[in-house]
Structures are given as C-alpha cells and as structure tokens.
> 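Could you have a look at this structure, given as structure tokens, before my questions?
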There are 2 protein chains.
Amino acid sequence: MPAHQELGAKFLEWQRYELDAERCPVRNLLDRIGDRWSMLLLAALSAGPKRFSALNRAVPDISKRMLTQTLRTLETDGLVHREVTPSVPPSVTYSLTPLGEDFAGPLLGLVRWAETHFAEVMAARARMDAA
Amino acid sequence: MPAHQELGAKFLEWQRYELDAERCPVRNLLDRIGDRWSMLLLAALSAGPKRFSALNRAVPDISKRMLTQTLRTLETDGLVHREVTPSVPPSVTYSLTPLGEDFAGPLLGLVRWAETHFAEVMAARARMDAA
DNA sequence: CTGAATCCTATGCGATACTG
DNA sequence: CAGTATCGCATAGGATTCAG
C-alpha cells in the first residue's frame, strides 16, 4: 500500500473527531514542533549534548530568547533533557532523551526527502515564476 | 548507525554554510511547509483529489484565505496540482502531484511517530506541570 | 463556486538591557 | 554563563466583503 494512500486513510479517521487539536496527535505535535526552531535544535542536539551557549553558536541566527523558549517546550514534551551543574559560573547542558532520539528517525526521513528533492522543488518554483 | 547519529552528522555539514536558509534544503522546506496547514492539507489530499470547498469542509477550521494561500505555495513548490474546469459556476480540483505523493512517505513517518508516542508526550507534560 | 481585497488582531520573534 | 524582562516590529492569519 503506497504511503500516500495510508496517509489518506489516516486523515479520514482524523476527520471523525473533526481534527480537534487537543485530541489529534498530529496537530498537537505540529503545533509544538512545527515552528521555526524546534526541529533544527533537535538536529543540533543529535550531534551530541551541548551547553546553552554552544547551542547558540551552533544555530547562529536564533536569539537567546527563542533558544530558551524552544528548549523549554522540548523539555516539557520530554524530547530534551536539561542538566544543571551548579557552579560559578553555572553550566547547563542539553541533550536528547531516548524519546528525542527516537523522534530523530522520522525527522531524518523528512531531512532526506528535503535533500533529495530540493532541486525538483526549486525547478517547480522557477516554472511558476516564469508563468 | 542510529538515526539520531546520522541526523547529527548532517547537522554538522549544514553548519559549514552556517545554515543559510536559501541553501539549506531543510530550512528551506521547513520555512514553506512547517506551518500550521500545509502538512494537514497534504494529508487531506492524500485521501484523493478534492475541490476547493470540499477541502474547506475537510479541514473545518481553516479560513478561505489561508486555504487559498497555502494551496498556492504547495502548487508553487510542485507538491499539488490545480485543475480548473471552466464552467458556471467554476470548479477547481486539487490533487497531489507525483512529488506530493512521494512526500507523503516521510510525512507518514512523522504521523506514525506522533500517534505512537502521543501518550508519552502527554505524560511528560503532566510531569512538568506537576513540578 | 472560487477566489481576491481589505481590515484588524494576535503573536512570533528579535534586540536590548538587566540579574544571580 | 545562562538566563529573565521589557519593548517593538513584522508577520500570520481570521473575519468580512466584493467579484467573475
């Protein structure tokens, strides 16, 4: 059974509860990590645990504000672990939880698709721009 | 090689061009379809071609404005095909392109993960709320 | 029926300054 | 070092109205 057919079948199920965001796992997930930074930070942490400032350097154009906020959400959802070493100055290390590592699987699928079909998407855009 | 390690390795490569959104396929893709509606509409269309108003009913809480706009982006990127039947009143049918059907694969991976681990995520949130 | 146009509000997010 | 607090802008996106 092709993936898009199975996906379609799932959609039909979601419709039964009117895609209520509280109960629909997919909408629920997308509302949390379908933002600008979450997936990128998960990818960054996949390369290994990192301290706050190291993460900030790894993703140059994120602000401290959004870095803090996004990490908090990921921690709340159990994808990221936050470890505080009480020292002076303080040190905080972030890492993937087992759940976070598991999520890296589907995320990697998305990443691979993006890399494989990037040229096709760019070509499609160019065609539309021409018209 | 575990998925999260491979993902981490890819992240290290992206860093070399400083994750420039124009050249990084992943950021490029996420900027377009990492919004509130794109993936949901792709799932809806996976169940088969649909007319504008049918899509609007299938996803009850999307506004016509965002429906139009999101479909345009998906069409521009080559994921969705727009077919106009010139009649009175006019009829417009949207469907997945082969590229769109292909994208359903990784998207399905994400969906499955969300369904499988929804309970764990909710449990993690409950723990954080308690603390 | 399928949009386009306009208006308005909410909020995502960066910049900056401050704290333990 | 690792944040928090406050501000302000830009954008997302809903509601409504108009048009072909």
Side-chain angles (χ1 to χ4, degrees), chain A residues 18-21 27-42 44-45 48-77 80-95 128 131, chain B residues 18-22 27-42 44-45 49-77 80-95 128 131:
Chain A
E18 292 173 330
L19 296 150
D20 178 38
R27 292 196 69 168
N28 201 297
L29 178 76
L30 256 43
D31 281 353
R32 310 273 290 198
I33 64 154
D35 64 355
R36 197 166 169 189
W37 302 114
S38 295
M39 303 213 203
L40 213 51
L41 288 181
L42 289 174
L45 288 176
K50 280 187 179 55
R51 297 179 54 175
F52 184 87
S53 49
L55 262 174
N56 209 155
R57 277 189 302 273
V59 184
D61 48 351
I62 192 175
S63 63
K64 283 196 300 179
R65 179 179 138 77
M66 288 316 295
L67 181 54
T68 302
Q69 184 175 309
T70 307
L71 285 170
R72 286 281 189 275
T73 302
L74 293 174
E75 189 195 2
T76 299
D77 285 2
V80 160
H81 175 65
R82 178 172 180 269
E83 179 110 33
V84 183
T85 319
S87 55
V88 185
S91 164
V92 180
T93 302
Y94 294 90
S95 55
M128 293 297 292
Chain B
E18 291 172 330
L19 296 148
D20 179 38
E22 297 307 309
R27 292 196 69 167
N28 202 298
L29 177 77
L30 257 43
D31 281 353
R32 309 276 286 198
I33 64 154
D35 64 356
R36 196 165 172 189
W37 302 115
S38 295
M39 302 212 202
L40 212 51
L41 288 181
L42 289 174
L45 288 175
K50 281 187 178 55
R51 297 181 53 177
F52 185 85
S53 49
L55 262 175
N56 210 155
R57 277 189 302 273
V59 185
D61 48 352
I62 191 175
S63 65
K64 285 196 302 180
R65 180 179 142 74
M66 288 317 294
L67 182 55
T68 302
Q69 183 175 308
T70 307
L71 285 169
R72 285 282 188 275
T73 302
L74 292 174
E75 189 195 1
T76 300
D77 285 1
V80 160
H81 175 64
R82 178 173 180 268
E83 180 109 33
V84 183
T85 321
S87 55
V88 185
S91 163
V92 180
T93 301
Y94 295 89
S95 56
M128 293 298 292

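Heavy atoms only: backbone and side chains are in, while hydrogens, waters and symmetry mates are out. Chain naming here is simple, since letters A, B, ... match the order of the sequence lines and numbering starts at 1 in each.
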> Which nucleotide sits closest to the side chain of B:Pro90: D:dG20, C:dA15, D:dG14?
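Looking only at heavy atoms from C-beta outward on B:Pro90, the closest nucleotide is D:dG20.
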> Please pick, from D:dG3, C:dC13, D:dC1, the nucleotide with the shortest atom-to-atom distance to any side-chain atom of A:Val92.
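It is D:dG3.
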> Closest to the A:Arg51 side chain: C:dC1, C:dA4, D:dC1?
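Ranking C:dC1, C:dA4, D:dC1 by closest atom to the A:Arg51 side chain puts D:dC1 first.
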> Can you measure B:Leu67 atom CG to D:dG13 atom P for me and round it to whole angstrom units?
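Distance, rounded to whole Å: 13 Å.
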> Within the structure shown, what part of the strands sits under 4.0 Å from B:Asp35 by heavy-atom distance: base, sugar-phosphate, or nothing?
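No contact.
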> How long is the line joining CG of B:Leu41 and P of D:dG13, in whole Å?
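For the pair B:Leu41 CG and D:dG13 P, the rounded distance is 12 Å.
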> Treating B:Ser38 as the side-chain partner and B:Gly34 as the backbone partner, does any N or O pair qualify as donor plus acceptor under 3.5 Å?
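Side chain of B:Ser38 to backbone of B:Gly34: no pair is present.
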> Could you tell me whether the phosphate oxygens of C:dT11, OP1 or OP2, come under 4.0 Å of any side-chain nitrogen or oxygen in B:Arg36?
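No, no such contact exists.
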> If you look at every heavy atom in B:Thr76 and A:Met128, which pair is closest and at what distance?
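Nearest heavy atoms, B:Thr76 then A:Met128: CA-CG, 3.6 Å.
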> Identify the heavy atoms of A:Thr93 and A:Pro49 that sit nearest to each other, and give their distance.
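Taking every non-hydrogen atom into account, CG2-CB, 3.9 Å.
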> Looking at C:dT2, I'd like to know if its phosphate oxygens (OP1 or OP2) sit under 4.0 Å from a side-chain N or O belonging to B:Arg65.
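It does not, given that no N or O in the side chain of B:Arg65 lies less than 4.0 Å from OP1 or OP2 of C:dT2.
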> Rounding to an integer number of Å, can you tell me how far A:Asp31 CG sits from D:dG13 P?
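Going from A:Asp31 (CG) to D:dG13 (P), I get 10 Å.
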> Within less than 4.0 Å of OP1 or OP2 of D:dC1, is there a side-chain N or O belonging to A:Tyr94?
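A:Tyr94 to D:dC1 OP1/OP2: no side-chain N or O under 4.0 Å.
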> Please state how far atom CG in A:Leu71 lies from atom P in D:dG3, giving the value in whole angstrom units.
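Atom CG in A:Leu71 sits about 8 Å away from atom P in D:dG3.
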> Nearest to the side chain of A:Arg72, which nucleotide is it out of D:dT4, C:dT2, D:dC1?
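Nucleotide nearest to A:Arg72's side chain: D:dT4.
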> Which nucleotide, C:dT2, C:dG14, C:dG3, lies nearest any side-chain atom of A:Ser63?
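Of the options given, the side chain of A:Ser63 lies nearest C:dG14.
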> Heavy atoms only: give me the nearest B:Leu71-B:Phe52 pair and the separation to one decimal.
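For B:Leu71 and B:Phe52, the tightest heavy-atom pair comes out as CD1-CD1, 4.4 Å.
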> I need the minimum non-hydrogen distance between A:Ile62 and A:Asn56, along with the two atoms involved.
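The pair with the smallest heavy-atom distance is O-ND2, 3.3 Å.
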> Specify the separation, in whole Å, of atom CZ of A:Arg82 and atom P of D:dC1.
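Roughly 16 Å, once rounded to whole Å.
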> Return the value, rounded to whole Å, for the distance between atom CD1 of A:Ile62 and atom P of C:dC13.
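From A:Ile62 CD1 to C:dC13 P: 9 Å.
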> Could you tell me how far apart A:Trp37 (CH2) and C:dC13 (P) are, to the nearest whole angstrom?
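From A:Trp37 CH2 to C:dC13 P: 8 Å.
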> Below the 4.0 Å mark, does D:dA2 have OP1 or OP2 next to a side-chain nitrogen or oxygen of A:Thr68?
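So the side-chain polar atoms of A:Thr68 never come under 4.0 Å of the phosphate oxygens OP1 or OP2 of D:dA2.
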> Which one, D:dG13, D:dT4, C:dC1, comes nearest to the side chain of B:Met66?
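Nearest listed nucleotide: D:dG13.
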